[in-house]
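See below for the structure under consideration.
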Amino acid sequence: MKLLKKVAKLSKKEKYLLTCSYGPDSMALFYYLLTKGINFEVAHVNYHILEQADDDEKGIKEFANKYDIKVHVLSTYMPKGVNEEIWARDVRYQYFVELAHELNIKNVLVAHNEGDNIETYLLQKKRGGVYLTYGLEKERKRDDIKIIRPLLKINKQDLENYCVENKIPYSIDPSNFDSKFLRNAIRKDLAKLSKQEKDLILKEIREKNLQNSTILLKYESLGLPKFIDTKSDLFKKIKKEEFHLILIYLLKKKNIFIPISEGRVDNLLEIIKQNKATHQEKINGEYFLSYDYGIIRIIKKPKKYEFKLGDFNSKNEIFSLNRESKFLGLLKDKFPVTIKPAIESDTYRFNNMTLKVKREFISWKMPSYLREVRPGIYDKNGYLIYVPRYQNKVRKGGLLNFKVKQLLC
């Protein structure tokens, strides 16, 4: 069939995890992988929502058994009071990623088709807002797992015809026709459009994604994708929608897919305008947004740590004492010492001066995200005796050498 030429290229050297619902799209992809000699296993989620749920699971297993393909099934039940679509999506993708890790498979195949791509775009237009990608992405990462959609250039009817011609079993999900779901209402409207009208929508999707790529390239000099330098003259000319886009881009690079509201963007722009020194915002339980001295970063929540060193020869991966400290006498009779994040309210003596940690952090212009992990040396009685000075791009203190990246990853 000609449609097979439209399937995105897959490698025989790789192993894939095929997500299969028993619908015509995923079953067509199932059979296609068999004909191409692709190495794969199958993952199915049984939500027990539809009456046919158990029959669908049985159908997949029977078809897979004919070809000696392994099938993995998650059996789950929807809790009360949740959004059915969002819950089901979150459950299945979490399962697919966890299973891929367990099986040591790096590529997950999802059988979204051309119609799904258009539906997603029309849904985005209906909801409004800024999107990094309009429609569906051909590939995206979740953790270190690649989600691949190889059927985005093939329409659903051709996939159904492929199943019929090759006697591939499949079932139709009756919830696809339930208009209580916004996507299904859009699907019904889409069915009334001609091929030419659909092609125009696909062209619109391509143009919008090209426009986004052009904007990101334009602002690459701001430090993308690692950070945003708001002190740059180029940033002073940025439009709110463009700033919104590059914030989403920063999140995506950390594999974070949380919407950023227009209100949040307005608030950040106001903070930048006021020229505040530091600001932090929680993104989720693992990451936060850090604004420090004009630089915006998405930072992973620092690890908590505490290490005890018995003497100068103590070794570990992250910390080591500089032997010069012997001659300064700071550590004489202080062992065993404990190295842990310095508490900002603590004070310590250095060069015959009493220094307050918080004041030193401010005078060093240390980014707020580093303040949470900046190590201090505490003596055997629990008193702070030293905090290594912070210097931009320099991570070594006079008495203590440490690898800050290992604390933040």
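Checked by atom type and distance alone, the side chain of S232 never pairs as donor or acceptor with a backbone atom of D229 at under 3.5 Å. Between the side chain of N83 and the main chain of I86, a donor-acceptor pair closer than 3.5 Å is present. Panel note: side chain R142, backbone N255; no donor-acceptor pair is recorded below 3.5 Å. Judged purely by atom type and a 3.5 angstrom limit, T76 has no side-chain atom pairing as donor or acceptor with the backbone of Y47. For S290 (side chain) and R297 (main-chain N/O), no donor-acceptor pair under 3.5 Å exists by modelled atom type. The main-chain N or O of S194 is found under 3.5 Å from a side-chain atom of E197 such that the two form a donor-acceptor pair. Judged by distance alone, the side chain of H72 and the main-chain N or O of A43 form no donor-acceptor pair under 3.5 Å. Distance alone, capped at 3.5 Å, is enough to place a donor-acceptor pair between the R374 side chain and the P388 backbone. A donor-acceptor pair is defined here as one N or O able to donate and one able to accept, closer than 3.5 Å; no such pair exists between the side chain of E57 and the backbone of S21. Looking only at distances, a side-chain donor or acceptor of N155 sits under 3.5 Å from a matching main-chain atom of Q157.
Closest non-hydrogen pair, I283 versus I258, comes out as O-CD1, 3.6 Å. Shortest non-hydrogen contact noted between G135 and T120 is O-CG2, 3.7 Å. The two residues Y293 and M366 come nearest to each other via the heavy atoms CE1-O, 3.8 Å. Across every non-hydrogen atom of I339 and P375, the tightest pair is CG2-CB, 3.8 Å. The shortest heavy-atom contact between I260 and H244 is O-NE2, 2.7 Å. Across all non-hydrogen atoms, the minimal contact from L132 to N209 is O-OD1, 4.2 Å.
C163 SG to M27 CE: the interatomic distance, rounded to the nearest 0.5 Å, is 7.0 Å. Here the straight-line distance linking atom CD of E372 with atom CD of E344 works out to 8.5 Å at 0.5 Å rounding. Rounding to the nearest 0.5 Å gives a distance of 7.5 Å between CZ of R140 and CD1 of I147. To the nearest 0.5 Å, atoms CG (D189) and CD (E119) are separated by 10.5 Å. Annotation: the span from D266 atom CG to L269 atom CG amounts to 6.5 Å, rounded to 0.5 Å.
Applying side chain to side chain contact (heavy atoms under 4.5 Å, CB included) to E114 and the options L136, D158, L202, L151 leaves one that passes, L202. Between N107 and the options K15, E14, K146, a side-chain hydrogen bond (donor to acceptor under 3.5 Å, both in side chains) holds for only E14.
When only modelled atom types and interatomic distance are considered, Y121 and E204 share a side-chain donor-acceptor pair under 3.5 Å.
The aromatic rings of F96 and Y93 sit perpendicular to each other, their planes meeting at more than 60°, with 30° as the lower class boundary. Note: Y77 and H48 have parallel aromatic rings, judged against thresholds of 30 and 60 degrees for the angle between ring planes. Note: Y131 and Y134 have perpendicular aromatic rings, judged against thresholds of 30 and 60 degrees for the angle between ring planes.
Electrostatic pairing of K237 and E242 does not count as a salt bridge here, judged by no charged N lying under 4.0 Å from a carboxylate O. Taking 4.0 Å as the cut-off between side-chain N and carboxylate O, E262 and K240 count as a salt-bridged pair. Using a cutoff of 4.0 Å between basic side-chain nitrogens and carboxylate oxygens, E139 and R149 are not scored as salt-bridged.
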For this session: Test K195 against D199 for salt bridge (Lys or Arg N to Asp or Glu O under 4.0 Å), laying out the working first.
Result: CA-CA 6 Å; K195 183 182 182 304; D199 285 344; 2.9 Å; yes

Exercise. When you look at T338 and K308, which way does the side-chain hydrogen bond (donor to acceptor under 3.5 Å, both in side chains) test go after all the steps?
Worked result: CA-CA 4 Å; T338 299; K308 290 191 181 297; 3.0 Å; yes

Exercise. Where do R371 and E360 land on the salt bridge (Lys or Arg N to Asp or Glu O under 4.0 Å) test, with the steps shown first?
Worked result: CA-CA 10 Å; R371 296 178 190 184; E360 293 301 288; over 6 Å; no

For this session: Kindly determine whether E207 and Q211 satisfy side-chain hydrogen bond (donor to acceptor under 3.5 Å, both in side chains), including the steps that lead there.
Result: CA-CA 6 Å; E207 288 174 349; Q211 183 181 25; over 6 Å; no

For this session: Could you check D292 against T278 for side-chain hydrogen bond (donor to acceptor under 3.5 Å, both in side chains), going step by step and ending with a plain yes or no?
Result: CA-CA 4 Å; D292 287 289; T278 64; 4.7 Å; no

For this session: Using the ring pair (Phe, Tyr, Trp, His ring centres under 6.0 Å) rule, take F40 and F30 through it: C-alpha gap first, then chi angles, then the decisive distance, then the call.
Result: CA-CA 9 Å; F40 71 102; F30 194 143; 5.4 Å; yes

Exercise. Yes or no on side-chain hydrogen bond (donor to acceptor under 3.5 Å, both in side chains) for Y383 and D346, after CA distance, side-chain angles and deciding distance?
Worked result: CA-CA 9 Å; Y383 293 109; D346 280 354; over 6 Å; no

For this session: Take Y390 and F361 through the test ring pair (Phe, Tyr, Trp, His ring centres under 6.0 Å) and record every step on the way to the result.
Result: CA-CA 8 Å; Y390 169 78; F361 284 174; 9.0 Å; no

Problem set entry | Verdict with supporting geometry, D233 and K236, salt bridge (Lys or Arg N to Asp or Glu O under 4.0 Å) | CA-CA 5 Å; D233 289 337; K236 294 172 184 176; 3.3 Å; yes

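Taking the centre of each ring, F235 and F243 come in below the 6.0 Å mark. The six-membered or imidazole ring of Y22 lies away from that of Y170, with a centre-to-centre distance of 6.0 Å or more.
Within 6.0 Å of NZ in K231 there are more than 12 heavy atoms belonging to other residues, nucleotides or ligands. Surrounding CD of E270 are more than 12 heavy atoms belonging to other residues, nucleotides or ligands, all under 6.0 Å away. Environment of CZ in R264: crowded, with over 12 heavy atoms of neighbouring residues, nucleotides or ligands closer than 6.0 Å.
The side chain to side chain contact (heavy atoms under 4.5 Å, CB included) search around K380 returns P336, not counting sequence neighbours.
Both the sub-6.0 Å distance and the 45° axial angle are not jointly satisfied by K252 relative to the ring of F257.
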